[in-house]
Trainee: 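Before we start, here is the structure in question, set down as structure tokens.
As a basis for the values below, the full set of heavy atoms in this structure was taken, side chains included, without hydrogen atoms, waters or symmetry mates. One is the number of the first residue; the rest follow in order along the sequence.
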Amino acid sequence: MKRTTVWVTTAAALTGLAACTSSGSSDEPEDKRPASAPTALPALRTAERSTERAETARVRSTTVMGTQLSLTADGVLAWRDGLSGNLTIDYTGGTAAETMRGLGVTSMEARYLSDAYYARMGDTFAAKMGGKHWLRYAYDDLKTLGGGADLADQMRSTTPNQSVRLLLDSGDVRELGRETVDGQAATHYSGTVRVEDVTDTELRRRLQDADVTAETVDIWINEKNLLVKKVEKTSTTNGRVTQTAHYSDYGVKVAVQKPPAADTEDFKTLLSQSSINPT
């Protein structure tokens, strides 16, 4: 198994999760954030708190990362004590998807737990892995590899309400009016977040390292002050990234179980085997 394949799987699991949540966060006091439209701020702060307190939701999303990767994700997430959940991720296009198709993988199930995430790759892939269907990626192990610390931190910290927090960092957030989203009335807010205005230091560094200068964020908030849709668009050196997510069934029960140990292989073990091609 090539190291490239391991990282494609990692990137897909992270990308699917990021589309359903957001890697943005803002822990700075409100008086230190950039000035935004005064009429929008109270509603956004209420929506951020309401979405955070809901603790669980059903999500479905689409992601397009230039010519590299396109995918959809569908499942449930919980963020009461760290992030956990189940997502089904389907590869729909891009060079990374072609890599996975070469291994007989067009979709995977991802399970996110407090210490690791698990990816179920399918029968064709299992036949090349001694019959084991699941790969385990421990967050602490990801930190030992190049770029892994960012992956681990993002998987642990992303939550849906952070899309609202990210918009609070926008200097030009504006309310665009009422619209219908998934059959319900919602208020549309939009803004552009400049990287230098992002108050989360670690997130700002990651965006700068990716040569991102600005990100546009659109969110829709329903009458219960809950996030029902978000669209984030970013231009990077690898092309334009567009992530769209829909949220429903807030409060849904989320129960995530570890896959059977006998059907699980650890990715760190795979990388350490002498038969692995490191390229």
Side-chain angles (χ1 to χ4, degrees), residues 1-23 59-75 87-112 117-129 132-137 139 141-155 158 206-216 230-245 265 267-268 270-271 273 275-279:
M1 179 181 176
K2 294 183 179 182
R3 186 182 297 264
T4 300
T5 303
V6 172
W7 280 112
V8 168
T9 309
T10 306
L14 172 61
T15 302
L17 178 64
C20 293
T21 58
S22 175
S23 59
V59 295
R60 55 185 174 86
S61 69
T62 60
T63 300
V64 178
M65 301 179 63
T67 60
Q68 289 187 321
L69 179 65
S70 299
L71 55 79
T72 63
D74 192 345
L87 293 177
T88 298
I89 299 173
D90 292 313
Y91 301 93
T92 57
T95 54
E98 291 301 319
T99 298
M100 299 308 292
R101 287 194 186 100
L103 295 168
V105 179
T106 58
S107 68
M108 72 176 185
E109 178 186 350
R111 297 183 184 179
Y112 304 91
Y117 83 88
Y118 297 79
R120 191 182 194 283
M121 307 299 291
D123 293 337
T124 302
F125 187 83
K128 302 177 182 181
M129 297 287 295
K132 295 184 178 181
H133 294 81
W134 291 89
L135 287 177
R136 177 182 182 271
Y137 295 79
Y139 299 133
D141 289 342
L142 287 176
K143 288 185 176 182
T144 66
L145 299 177
D150 282 350
L151 293 173
D153 290 343
Q154 288 180 63
M155 285 186 171
T158 54
R206 290 200 300 263
L207 293 173
Q208 290 171 337
D209 288 347
D211 292 329
V212 175
T213 57
E215 179 173 353
T216 61
K230 69 113 178 190
V231 178
E232 296 182 17
K233 297 180 180 179
T234 307
S235 294
T236 72
T237 54
N238 294 319
R240 189 172 182 83
V241 178
T242 302
Q243 298 176 325
T244 302
E265 184 63 85
F267 99 105
K268 188 176 182 180
L270 292 176
L271 289 181
Q273 293 173 353
S275 61
I276 295 176
N277 182 342
T279 60

Trainee: Kindly give the heavy-atom pair with the smallest separation between Ala97 and Leu69, and that separation in Å.
Mentor: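 Minimum heavy-atom contact is N-CD1, 4.1 Å.
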Trainee: What's the spacing between Thr63 OG1 and Glu232 CD if we round to 0.5 Å?
Mentor: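 It comes to 10.0 Å.
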Trainee: Out of the candidates Glu265, Met108, Glu109, only one should pair with Trp134 under the side chain to side chain contact (heavy atoms under 4.5 Å, CB included) rule; please name it.
Mentor: Glu109
Trainee: Can you name the residues that form a side-chain hydrogen bond (donor to acceptor under 3.5 Å, both in side chains) with Arg120, not counting sequence neighbours?
Mentor: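 If we apply the side-chain hydrogen bond (donor to acceptor under 3.5 Å, both in side chains) test to Arg120, skipping adjacent residues, there are no hits.
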Trainee: Name all residues meeting the side chain to side chain contact (heavy atoms under 4.5 Å, CB included) criterion together with Thr88; count only those two or more places apart in sequence or in a different chain, and write none if there are none.
Mentor: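 Counting only residues at least two positions away or on another chain, Thr88 forms a side chain to side chain contact (heavy atoms under 4.5 Å, CB included) with Asp90.
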Trainee: Please check: side-chain N/O of Thr92 versus main-chain N/O of Ser70, any donor-acceptor pairing under 3.5 Å?
Mentor: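 Present.
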Trainee: With sequence neighbours left out, what residues match Thr124 under side chain to side chain contact (heavy atoms under 4.5 Å, CB included)?
Mentor: none
Trainee: Which heavy atom of Tyr91 sits nearest a heavy atom of Leu71, and at what distance?
Mentor: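 Closest heavy-atom pair between Tyr91 and Leu71: CA-CB, 4.4 Å.
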Trainee: Looking at every non-hydrogen atom in both residues, tell me the closest pair between Arg101 and Gly93 and how far apart they are.
Mentor: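 Taking every non-hydrogen atom into account, NH2-N, 4.0 Å.
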Trainee: Against Tyr118, only a single residue in Arg136, Arg111, His133 fulfils side chain to side chain donor-acceptor pair (under 3.5 Å); can you say which?
Mentor: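 That would be Arg136.
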